[in-house]
Every structure is written in C-alpha cells, then in structure tokens.
Undergrad: 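I'd like to ask some things about the structure below.
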Amino acid sequence: MSAVNLARSGEEEATAGMASLLARQREAFLHAGAPDTRARKGGLRRLRAAILAHRNALNEAVSADFGHRSHYETEIMEIVVTVQAIDYLLRNTKRFMKPERRHVAISYKAGRAHVEYQPRGVVGVMAPWNYPFSLTMIPLATALAAGNRVMLKPSELTPRTSHVIREMLAGAFAPEEVAVVLGGPEVGAAFSGLAFDHLLFTGSTKVGRLVMKAASDNLVPLTLELGGKSPAIVGRGEVTPRTVKSIVFGKLANAGQTCIAPDYLLLHHDDLEAFVALFDATVGDAYPDGPTGKDYSSIVSDGHYDRLQDLIEGARKNGARIVEAGKNPGSAASRTRTIAPTLVIGAPDDSAIMEEEIFGPLLPVRTYSSIDEVIDFVNARPRPLALYYFGPEGADRAALLARTTSGNVGINNTLLHIAQDDLPFGGVGPSGMGAYHGIEGFRAMSHAKGVFVQGRWNFANLLRAPFGNLTDFAVRWVLGRARET
Ligand code: NAD
C-alpha cells in the first residue's frame, strides 16, 4: 500500500472511530432518556472535582504548550472562570430546566401551552488553543447542565493540555457520557462532519466557514464562536490611568492571544501623545520584569510568532511609528517566541495589521476627530466580537452603542464581560453565530419543545367542520375582539 493510501486508511479509521463513539453516546442517551436535575448536577460536580484535582497538571501543561504562560493567567482565565461557570450552572440548572407556561390565544382557551427544554442528545465541542482549557470546559459544563452527552475535540496546537483534558475526563466520566477525540485539522474536518445533535465550534472565522459547510450535510445546529477585530474606543479626553490600565490588561493578558482582546485602538488625535506615555508607564508597572518576566506569556507557535513579526515589519514599511513599551522591551528576543508590548501608530487602513485579526501583543492606534468618524469606521468593517468604550455616559457613548453592532460590549473595561456568567457570550455575523453562557447557553444546547394540551371543551371546536352558525359567531367574536385591541 502506498504512503498516501496508508494515510487515507488511517484517516478513515479515525472517522469510523468517531462515528462509532457518537453512535454509542446516542444509544446511551436514547436508552437512559433525559437526565433529571440531580444527575445533571452530579455530572457538574464530578467535573468540578476533576478540575481541582488536575489544577497543577493543567498549569504545567498549558505553560509547556505555550513555551511560557503566566501561572496567574492560567489560574484566573482557565481554572477560576471555569469553576465559577460550573458553580453558576449548579445554582441555576433547576431553574433553567423548568417548563415555561406560554400564552394561549382566546380562540384556543381552555387549552394550555408550555415549552419544555429537552436535551438535544449528543453535542460536539471543538476548541481552539488560546485558552485551551476554559474554552473546552465551559461548553462541556453547559452541555452537561442541558442534559447532553458530549464529544470534545481540543486543539492540536496545545497537545499537552489536550492530553491532560483527556486523562482528566476519562477518570471522571464514562465514554458514553463524555469522550475526547485528539487530532489536527483532518480530524477536525471529520469531526465537524459528524451527525451531532448540536455542534459548538470556537475558532477562526476561516475554519468556522468550513465547519458550517460540513455541518450542513447533516443539518446539524451550530453555535459558532469566531474571531475578528474588536475595537477599543477612548472618548475624547479620557486617557486616564484607569482607562490605560484596562487596555493594558485586555491587550497583554496571554500576550494578546485572546479572542476578545482589544485588537486596535481609536483615540482622539489630541490625546495621542498622552496615551503613548501613559501606555509605556502602565506596561512598565504591570510587568516590572519586562517581557521575560514570569507574568508575561509567550506566543504559542513559531508560525504565529513569525506572523506577528511580519505584521510589525509590514506596518513599519508602510510608514507606521512603532513603539515598544514597558521595561526592557529588547529582552524579548532572549526568550523563546516572546514579543514585547508594541504600539503601532498610524498604520494605513488597508495594511495587514489593520485588516487581519492580530492575536498578539501589538496594538495599532488610529486617531479620530469625531464620534461619527468612529461609528463609520466600525460599521465599514465586519461586525466585531467585542467593542469597548471608555468614557462617561453621554451623547457620544449613546450614539456609538445605538449605531454599531457587536457580539458584546464592555464599558470602561476590557474582557470582563466574558466572566459575567449571566450574560450571553458570542459574536454576530463573521464574529459568530449564537451564544453560550447564561440561560442562552443552556437553551442553545436544549431543544425548546412547544407543547399544546387541548382542554376537554375548547373554543377552537367552533372553528372546524362541520361549519355553521356557531362558526360565524366565533369568527365574528374573535375578529371583533381583535378590532378593540
Ligand atoms: P482554528 O480555527 O485554527 O482551530 C479551531 C479548531 O478547529 C481546532 O480544534 C482545530 O483543530 C480545528 N480545525 C482546524 N482546521 C480545521 C478544518 N479544516 N476543519 C475543521 N476543524 C479544523 O482556530 P485557532 O487558531 O485554534 O484559534 C484562534 C481563533 O479562534 C481566533 O480567530 C480567535 O479569535 C478565535 N477564538 C474565538 C473565541 C470566541 O469565543 N469567539 C475564543 C477563542 C478564540
């Protein structure tokens, strides 16, 4: 057999293995039926305990995968947010599961209508590398709260973390409940073609398109959590220490490898130099040991490192002013795949850094003269995953919020909306489709089944054959009421 055929048969085997895993989970789901509140909470508690037991192993695996990842970043942005989300689901699952009484029109009175939230069955979860743990675990916890079985496909770019996830879940769940599939793009392509009852994909817009195509073969309902360029807008005169601290936090956490990091900054032109000075000082305070300090993370792969260097060089060639910020930025070169916090000022609107998602510690700054210019700039581009505004309540802020559309909005902060367990989290258009977290996540992974229960006597009886005088009366009565309302 040739090498190509061998590779193909390996792929086919992997696909067949995934398909049989799905069949096994579906059979178990159909056999056991929808789990009650107790069983769902039991699953969430097992997950919580397993996470706490693997905390150190996870921390080490994530850091090894990145080259270097701040221990605190992993604790806060992988483990704390996940445990917090699980605790929120433990407190709210019973309430989310309650059937909802619905309105019944006068013509159907005596009947009752309600919605039942039923588990969809088997949910597929595909995850990226940038927060390889929380972006796998929060969808998993949501799917379990909604009563589903789950197959997970973590990223191949963080292999050590993916292995810890697999071991951790194998110790806490039977494969019919939760199973982990490992592999790269080929496995991802096969995974996204499986006939799941729901598929949640987190990753790039480019791969999101492929996933949507693959899912369409089986009409699998999708939640797409994608990427894009999220703007941060600083109101005129609002370059304050509080504003800049928040931008530094959002841009440099995980060295900018955050889907909702402020991608670029829109700043009033009068405020530019004040911002540059304050950004430099604030980065210095936040990372006193410079980019090789323990709290500053590395770039995940050589490919991403080279891509970011190309963005800086491309902007430089296009006439942008490049400012490396904070303490001893030049030391970045001495640590593997580390890039110093860098401002890129005045890059042309059609340069790569202003058009592509950055996903690194580079912050392009563009100046504006009026809020209308800002609104037009944002609206001329794909709808972002997040939009940040710094400034007090007022006409500018109200106009910006009313006239732009983004997945979520942060006011006077960056990133923190993702940690609000009761807010839907998701994008819009090219930055995503659907949302999870909060009741929206539970509902995305549940089927809202409308049920109408006919009463013994029903006004609607008058609206069916044999038609006659009573039908005329009923039609006149209903339409007459409609006229009055
Ligand atoms: P990616 O799209 O390259 O990969 C995501 C997943 O898809 C991985 O598991 C990967 O193995 C799989 N995959 C790769 N090629 C595939 C293919 N051809 N068919 C099917 N699956 C395939 O994304 P990434 O580089 O891992 O993550 C970075 C991107 O994710 C950024 O664009 C970022 O904005 C986005 N992101 C979005 C969110 C969000 O919540 N909206 C969160 C984190 C990251």
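Every number for a ligand or one of its atoms is a count from 1 in the order of the listing.
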Undergrad: Would you indicate which of Pro132, Ser204, Gly426 comes nearest to atom 3 (O) of ligand 1 when only heavy atoms are counted?
TA: Ser204
Undergrad: What protein heavy atom sits nearest atom 15 (N) of ligand 1, and how far off is it?
TA: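 Nearest protein contact, heavy atoms only, for atom 15 (N) of ligand 1 is Pro185 CB, 3.5 Å.
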Undergrad: For atom CD of Glu75, decide whether the heavy atoms of other residues, nucleotides or ligands shown that lie under 6.0 angstrom number more than 12.
TA: yes
Undergrad: By number and element, which atoms of ligand 1 are closer than 4.0 Å to a non-hydrogen atom of Pro128?
TA: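 The list of qualifying atoms is 24 (P), 26 (O), 27 (O), 43 (C), 44 (C).
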Undergrad: Is Lys245 salt-bridged to Asp285, going by a charged N under 4.0 Å from an acidic O?
TA: no
Undergrad: Salt-bridge test for Asp263 and Lys229: reply yes if a basic N is under 4.0 Å from a carboxylate O, no otherwise.
TA: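 Looking at Lys229 together with Asp263, the answer is yes, because their closest N to O distance falls below 4.0 Å.
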Undergrad: Salt-bridged, Arg443 to Glu440, with N to O below 4.0 Å?
TA: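 Between Glu440 and Arg443 there is no salt bridge, as every charged N stays at least 4.0 Å from the carboxylate O atoms.
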Undergrad: Using a strict 4.0 Å cut-off to heavy atoms of Glu156, name the atoms of ligand 1 that fall inside it.
TA: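 Those qualifying, in numeric order: 10 (C), 11 (O).
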Undergrad: Between Val187 and Leu182, is there a side-chain heavy-atom distance shorter than 4.5 Å?
TA: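 A side-chain contact under 4.5 Å is absent here.
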Undergrad: Run down the list Trp129, Tyr436, Phe359, Tyr131 and name the one with the heavy atom closest to atom 33 (C) of ligand 1.
TA: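 Considering heavy atoms of Trp129, Tyr436, Phe359, Tyr131, the nearest to atom 33 (C) of ligand 1 sits in Phe359.
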Undergrad: Provide, to 0.1 Å, the distance between atom 42 (C) of ligand 1 and the closest protein heavy atom, together with that atom's residue and name.
TA: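 Protein heavy atom at minimum distance: Cys259 SG, 3.0 Å.
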Undergrad: Which atoms of ligand 1 sit under 4.0 Å from any heavy atom of Ala189?
TA: 19 (N), 20 (C), 21 (N)
Undergrad: Please state which part of Thr205 comes within less than 4.0 Å of ligand 1, counting heavy atoms only: side chain, backbone, both or neither.
TA: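 Neither part.
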Undergrad: Looking at ligand 1, would Ala127 count as a contact under a 4.0 Å heavy-atom criterion?
TA: yes
Undergrad: State whether Glu357 and Lys206 are salt-bridged, where the test is any N-O pair (Lys NZ or Arg NE/NH1/NH2 against Asp/Glu carboxylate O) under 4.0 Å.
TA: no
Undergrad: Numbering the atoms of ligand 1 from 1, which are under 4.0 Å from a heavy atom of Thr202?
TA: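 Reading through ligand 1 atom by atom, the close ones are 5 (C), 37 (C), 38 (C), 39 (C), 40 (O), 42 (C), 43 (C).
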Undergrad: Below 4.0 angstrom from a heavy atom of Gly227, which ligand 1 atoms are there? Numbered from 1 as shown, please.
TA: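 That gives atoms 32 (O), 34 (O) of ligand 1.
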Undergrad: Can you tell me the protein heavy atom closest to atom 41 (N) of ligand 1 and the distance?
TA: Leu226 O, 2.7 Å
Undergrad: Select one of side chain, backbone, both or neither to describe which atoms of Met126 lie under 4.0 Å from any atom of ligand 1, heavy atoms only.
TA: side chain
Undergrad: May I ask you to check whether His268 and Tyr368 place their ring centres under 6.0 Å from each other?
TA: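 Under 6.0 Å, so yes.
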Undergrad: Does CZ in Arg55 sit with more than 12 non-hydrogen atoms of other residues, nucleotides or ligands closer than 6.0 Å?
TA: no
Undergrad: Going by the order shown, which atoms of ligand 1 are within less than 4.0 Å of some heavy atom of Asn130?
TA: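 Checking each atom against Asn130, I get 43 (C), 44 (C).
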Undergrad: Would Thr223 and His198 count as a side chain to side chain donor-acceptor pair (under 3.5 Å) here? Give the steps.
TA: CA-CA 8 Å; Thr223 304; His198 189 85; 2.7 Å; yes
Undergrad: Which is closest to atom 13 (N) of ligand 1 in terms of heavy atoms, Val207, Thr223, Leu182, Val300?
TA: Val207
Undergrad: Report the distance from atom CD1 of Ile353 to atom CD1 of Ile358, rounding to the nearest 0.5 Å.
TA: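 If we round to the nearest 0.5 Å, Ile353:CD1 and Ile358:CD1 are 4.5 Å apart.
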Undergrad: Could you tell me the residue and atom name of the protein heavy atom closest to atom 7 (O) of ligand 1, and the distance to it rounded to 0.1 Å?
TA: Phe201 CE1, 3.3 Å
Undergrad: Could you tell me whether Arg46 atom CZ has more than 12 heavy atoms of other residues or ligands within 6.0 Å of it?
TA: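 It does: Arg46 CZ has more than 12 such atoms within range.
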Undergrad: I need the atoms of ligand 1 closer than 4.0 Å to a non-hydrogen atom of Phe425, numbered in the order shown.
TA: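 The list of qualifying atoms is 40 (O).
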Undergrad: Under a 4.0 angstrom heavy-atom cut-off, which atoms of ligand 1 come close to Leu210?
TA: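 Answer, ordered by atom number: 18 (N).
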Undergrad: Considering only the protein, which heavy-atom contact is closest to atom 35 (C) of ligand 1, and what is its distance?
TA: Gly203 O, 3.2 Å
Undergrad: With heavy atoms under 4.0 Å as the rule, classify the contact between Leu135 and ligand 1 as side chain, backbone, both or neither.
TA: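 The side chain, only.
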Undergrad: Okay, side chain of Lys251, backbone of Gly256: is any donor-acceptor separation there less than 3.5 Å?
TA: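 No; zero donor-acceptor contacts below 3.5 Å.
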Undergrad: If we only consider heavy atoms of Ser431, is any one of them less than 4.0 Å away from an atom in ligand 1?
TA: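 No, that is not the case, since the closest heavy atom of the residue is not under 4.0 Å from the ligand.
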Undergrad: Between Ser298 and Tyr305, does a side chain to side chain donor-acceptor pair (under 3.5 Å) hold up when you go through it step by step?
TA: CA-CA 9 Å; Ser298 299; Tyr305 179 84; over 6 Å; no
Undergrad: Any non-hydrogen atom of Phe191 lying under 4.0 Å from ligand 1?
TA: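 Distance cut 4.0 Å: Phe191 fails for ligand 1.
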Undergrad: Answer whether the closest heavy-atom distance between the side chains of Arg403 and Ile371 falls below 4.5 Å.
TA: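 Side-chain contact under 4.5 Å: no.
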Undergrad: Heavy atom under 4.0 Å from ligand 1: found in Glu357's side chain, backbone, both, or neither?
TA: side chain
